Protein chains: 2
Amino acid sequence: MKIDPDNKADLSAQIAKAIRDAIVSGDMIVDQRLPSEAELADQFAVSRSTVREALKRLAAQSLIRTQRGAFGGAFVNRLSYQEAYGDQITTATLLLSMNGISFDVACEARYALERACTPLSAERRTADILATMRAEIHRQGQPGLSDESFCASDVAFHRALVDGAGNPVLSYQLAGAVEAMQPLMNMITFTARSREAIVALHTRIADALERRAPDAAQEALHELEAYTLHLGRDVMANRDKAALDKESARA
Amino acid sequence: MKIDPDNKADLSAQIAKAIRDAIVSGDMIVDQRLPSEAELADQFAVSRSTVREALKRLAAQSLIRTQRGAFGGAFVNRLSYQEAYGDQITTATLLLSMNGISFDVACEARYALERACTPLSAERRTADILATMRAEIHRQGQPGLSDESFCASDVAFHRALVDGAGNPVLSYQLAGAVEAMQPLMNMITFTARSREAIVALHTRIADALERRAPDAAQEALHELEAYTLHLGRDVMANRDKAALDKESARA
DNA sequence: ATACATTTAAATGTCTGACATTTTAAATGC
DNA sequence: GCATTTAAAATGTCAGACATTTAAATGTAT
């Protein structure tokens, strides 16, 4: 592992890259211990602080973990789905909010991805998954549930749908898409009537999965997408109108 | 922004979290300047080195960028798709390689996600996307192409299929799934006959998209999945057999 | 001999202060 | 008025010290 002496980028970034490359390429394997900070400082001919900054970069990406004390140090971390989920969701949420992604586009992506899971879920759904879906449907029917809680339950329902496919790679890839929608969904006011409609569609989906009927599930999901889009567009229209009103009031 | 004095986790991790939360919650907006390192050190009552380690963590996640010089500092970064792609691919690749994901599972996820895009791609594909697909198909037919280049072209073809849907969120979400398969695909030796079969299927997909025929594209994609799975299983079987042979030879 | 307590050494975590480098705005000189 | 120089503010890097944590090694009493 070496760094380019002509490169004038931050040393800590270069060192992080060198170590990251070694991990990604398989040169360093899971649970392998990195040299101590002092040794790394020697090897790269930099100060310990610079090495530490590099290691913190890698720690932020969950590529390494550190342990204090004797026989401690930095170790190559086994990237778990759980850790990856969190980052995935944070990144997806920021991408949506920072790049002005419209409700339509986000909604389309989310339902397209969920439809990819539906046939697999219909085939493989366990009793456990069905129970989760039923429980969330029940919660969604409770009177007095806040809009935010309704949204959270909605996310839980859809995650169950995705997890039902029994493919961890799919679950990981979709975590971001499903959860990143939540801030957008939270802007929606769910009236009693719209909740009723959503619960009915959720029930149809759960029923279809229970019967192992992929086509019926697909159809209900399509209707749910159309309905969600409808709700979202109302919100966006009102929001744009409010912004315009404010604009004209100022003039 | 404050940190919990009772928390005994690393201060730099706590500070990074506090700032990250401020960014994710929208408390700090894109291009807003953070206080200087010295000011942050004062605010959090820690040393400058600790603040720097926190900032390096955030920089590793592309949440901030730093600029040297007067009127420089750390600024909230607009997370671009390009940056996010890179991390997405790295993470997905590591998840697959570190968690012993089987070829079957990865393959299933990839094609399920691509099928989610196909109807949209059939509807919206531009002439540009079609041209890219045709060019990659042509390259794949060239004699003397290395297996690795064939794989790279295969990835390019599938990315065009995904990008054809014209939904940046989908493109982002699928980048990881498609690209992370490449190391696994690279273990396959593509014979002349298997290349011919793949090129034929790619051509069918491109033709179907050109005709805006989602069902035909879907069907060809299904066949491609089955064929890829078949090739992959051969490789895995041979690899396992070789490992067993080696094992018994040692005994 | 075993169980428990103590010591010790190695590592990361934190702090301080200094200097180098980069960059921009302001001051200066022509 | 324009070009040049200077100053200031910020990040980047270094060196050295001390604090804290942890597990192994050692010692001690039953």
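Reminder, nothing fancy here: chain letters follow the sequence lines and each chain counts from 1. None of the values given here were measured: they were computed from a predicted structure. Excluded from the calculations below are hydrogen atoms, water molecules and symmetry mates; all remaining heavy atoms, backbone and side chain alike, are included.
Following rounding to the nearest Å, A:Leu40 (CG) and C:dG13 (P) show an atom-to-atom distance of 13 Å.
Other residues, nucleotides and ligands place no more than 12 heavy atoms under 6.0 Å from the CD atom of B:Glu148.
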Nucleic acid footprint by protein, nucleotides 4-13 of chain D - heavy-atom cut-off 4.0 Å, B for base, S for sugar-phosphate alone:
----BBBBBB

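By the 4.5 Å heavy-atom criterion applied to side chains, B:Leu96 and B:Phe103 are not counted as neighbours. At least one side-chain heavy atom of B:His158 sits under 4.5 Å from a side-chain heavy atom of B:Tyr111.
Salt-bridge formation is not detected for the pair B:Arg139/B:Asp154: no Lys NZ or Arg NE/NH1/NH2 atom is positioned less than 4.0 Å from an Asp or Glu carboxylate oxygen.
The main-chain N or O of B:Ala165 is found under 3.5 Å from a side-chain atom of B:Arg124 such that the two form a donor-acceptor pair.
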